[in-house]
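Below is one structure, written out as structure tokens, with a few remarks after it.
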Amino acid sequence: MNVKDVPFTKETIERTVGEFPTPFHIYDEAAIRAKARTFTEAFAWAPGFMNYFAVKACPNPAIMSILREEGFGADCSSLPELLLSEQVGLTGEQIMFTSNDTPAEEFAQAYRLGAVINLDDITHIKTMEESCGIPELICFRYNPGDARTGNAIIGHPAEAKYGLTGDQIVSAYKIMKDKGVKRFGLHTMVASNELNGAYFVETARMLFELSIRIKEEAGVRLEFINMGGGIGIPYRPEETAVDLQQVSEGMKELYEQMIVPAGLDPLRIVFECGRMITGPYGYLVSQVRHVTQKYKQYAGLDSCMTDLMRPALYGAYHHITVLGKESLPCTQSYDVTGSLCENNDKFAIDRSLPEIEEGDYVVIHDAGAHGYAMGFNYNGKLRSAELLLAEDGSVKLIRRAETIEDLFATLDFSPRSIS
Ligand SMILES: *Cc1c(COP(=O)(O)O)cnc(C)c1O
């Protein structure tokens, strides 16, 4: 028996492939909108609440526009992400620029857009000042080091390349105050794909404490805290999603205990979640090319790890549904593979599934974040299309599949030397 739902039927996919062949990524608009609303409603109490959607999770303008309509901003970490945000009509402080190892010209673009600039490093003050000057509003990313434990994907904070240390952070605010900055924010991101809601309440406690310390030691009153992203999703059927209502209530309690008595209310609360918003609502749809038995049983698909590299990169679990066979018993065990010349090109290893036949459509779940986005062209693999399952049930193309011409576009077939 399959234990994860799919928002479309085998018939819908059979109709779709007539126009848009597999493999493709398809996103469920209604579910993405519903998740965005649930998040915003859970934090209705929080002053100026906003989620800046982490563009890197699903950098498609159709998805970003949907989220803009739902009141989200965009969290960007590169120039193309900034330009995409501008293209979908996000302006000024609807854009958060949280980058690291940042080139000067990207600060200039962020400044031009009026984005909130979130500095990852104390040396970036100089880079920013030289490239665009000093903005009216500045944010710093805090790295608590040994004060917190992270998790597997992001690693231990003391080993992470991000952010300012506890020793640096207060002086950073003093420096910016002396340079004439009037408005301030504080950011952190210490976990990735974290399913324990209590972890985020602890992060809020850490940022609230630090906000009070910054007020006392630097004389700077923060306008917002940015909790970063990192809210996990239940990739495995037995896992459960983070209860946003519970996280919100835990944070509200701390806000009332810490921020209100310190005279720091109102303090805006913002997030930069990406994965949680689109991850569960994107599916990689693929067709089975070959089924074969060697020392193990294999099902070979027409997609490969260039379409979704999380299993190969992190050993991540992605649930698999064989369309039309949802209610059949999982009597077989397969390695579900792609066609790359890499033996870690496997979507699943020893996965119990119903009997698979050539031509079956296979759905790989939870591919809506860091799926298409992490794609690459190794072995000359072309990137797939992206489709939207719209609220009215229709299927729309939101990014065409790559062609060989696209792949070759940067090549020079008759190279000349540089004289
Ligand atoms: C990746 C990232 C996010 C989003 O993380 P999710 O796991 O998608 O929620 C937010 N902020 C920063 C700085 C990031 O690097």
Side-chain angles (χ1 to χ4, degrees), residues 27 32 35-36 38-40 42-43 50-60 63-64 67 72-82 84-85 94-102 106 110 115-121 124 139-144 148 150-155 157 159-164 185-197 199-200 203-204 207 224-235 239 241-242 244 247 269-282 308-310 313-314 316 318 366-374:
Y27 306 99
I32 290 171
K35 189 67 185 196
T38 305
F39 197 13
T40 304
F43 280 88
M50 164 109 115
N51 185 58
Y52 294 85
F53 176 66
V55 175
K56 72 169 190 258
C58 192
N60 186 300
I63 303 293
M64 293 167 68
L67 293 171
F72 280 14
D75 172 44
C76 302
S77 62
S78 68
L79 183 55
E81 290 180 357
L82 284 170
L84 264 184
S85 304
Q94 292 175 310
I95 303 172
M96 181 76 62
F97 185 53
T98 302
S99 58
N100 68 90
D101 195 13
T102 311
E106 298 198 357
V116 182
I117 297 180
N118 184 10
L119 294 180
D120 179 77
D121 191 273
H124 286 23
C139 183
F140 284 105
R141 178 172 186 162
Y142 171 56
N143 179 335
R148 292 297 293 281
N151 66 6
I153 290 188
I154 210 162
E159 302 288 335
K161 65 174 179 172
Y162 308 110
L164 283 77
L186 168 65
H187 167 273
T188 200
M189 174 147 170
V190 281
S192 185
N193 193 29
E194 178 58 56
L195 280 174
N196 176 10
Y199 192 93
F200 297 96
T203 297
L207 291 183
F224 68 86
I225 58 156
N226 178 346
M227 295 277 293
I231 297 184
I233 59 171
Y235 286 100
E239 291 171 336
V242 172
L244 296 174
V247 173
I269 293 177
V270 307
F271 281 82
E272 296 172 343
C273 289
R275 184 192 312 267
M276 172 183 77
I277 306 301
T278 55
Y281 316 116
L308 175 67
M309 75 183 299
R310 297 191 71 260
L313 186 62
Y314 311 117
H318 279 262
D366 302 303
H370 320 126
Y372 180 94
M374 275 189 181

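Read the numbers this way: they start at 1 and go in the same order the structure lists the ligands and their atoms. What you see is a predicted model; the values in this text were computed from it and never measured.
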>> I'd like to know if the side chain of Asp75 and the backbone of Phe53 have a donor-acceptor N/O pair within less than 3.5 Å.
In response: no

Identify the protein atoms, limited to N or O, that lie within less than 3.5 Å of an N or O atom of ligand 1, and list each pair with its distance to 0.1 Å.
residue  : atom   : partner : partner atom : Å
ligand 1 : 7 (O)  : Gly230  : N            : 3.4
ligand 1 : 8 (O)  : Gly274  : N            : 3.3
ligand 1 : 8 (O)  : Arg275  : N            : 2.7
ligand 1 : 9 (O)  : Gly230  : N            : 2.8
ligand 1 : 9 (O)  : Gly274  : N            : 3.0
ligand 1 : 11 (N) : Asp75   : OD2          : 3.3
ligand 1 : 11 (N) : Glu272  : OE1          : 2.5
ligand 1 : 15 (O) : Lys56   : NZ           : 2.8

>> Under a 3.5 Å distance rule, please check whether Asn143 uses its side chain to pair with a backbone N or O of Tyr162 as donor and acceptor.
In response: yes

>> Checking Phe200 against Phe271 for the ring-ring contact (aromatic ring centres under 6.0 Å, His included) test, could you report, in this order, the C-alpha distance in whole Å, the side-chain angles of both residues, the deciding distance, and whether it holds?
In response: CA-CA 11 Å; Phe200 297 96; Phe271 281 82; 7.3 Å; no

> Do Thr98 and Glu272 have side-chain N/O donor and acceptor atoms under 3.5 Å apart?
Replying inline: yes

> Can you find a heavy atom in the side chain of Met276 that is under 4.5 Å from one in the side chain of Leu244?
Replying inline: yes

> Who are the ring pair (Phe, Tyr, Trp, His ring centres under 6.0 Å) partners of Tyr142, not counting sequence neighbours?
Replying inline: none

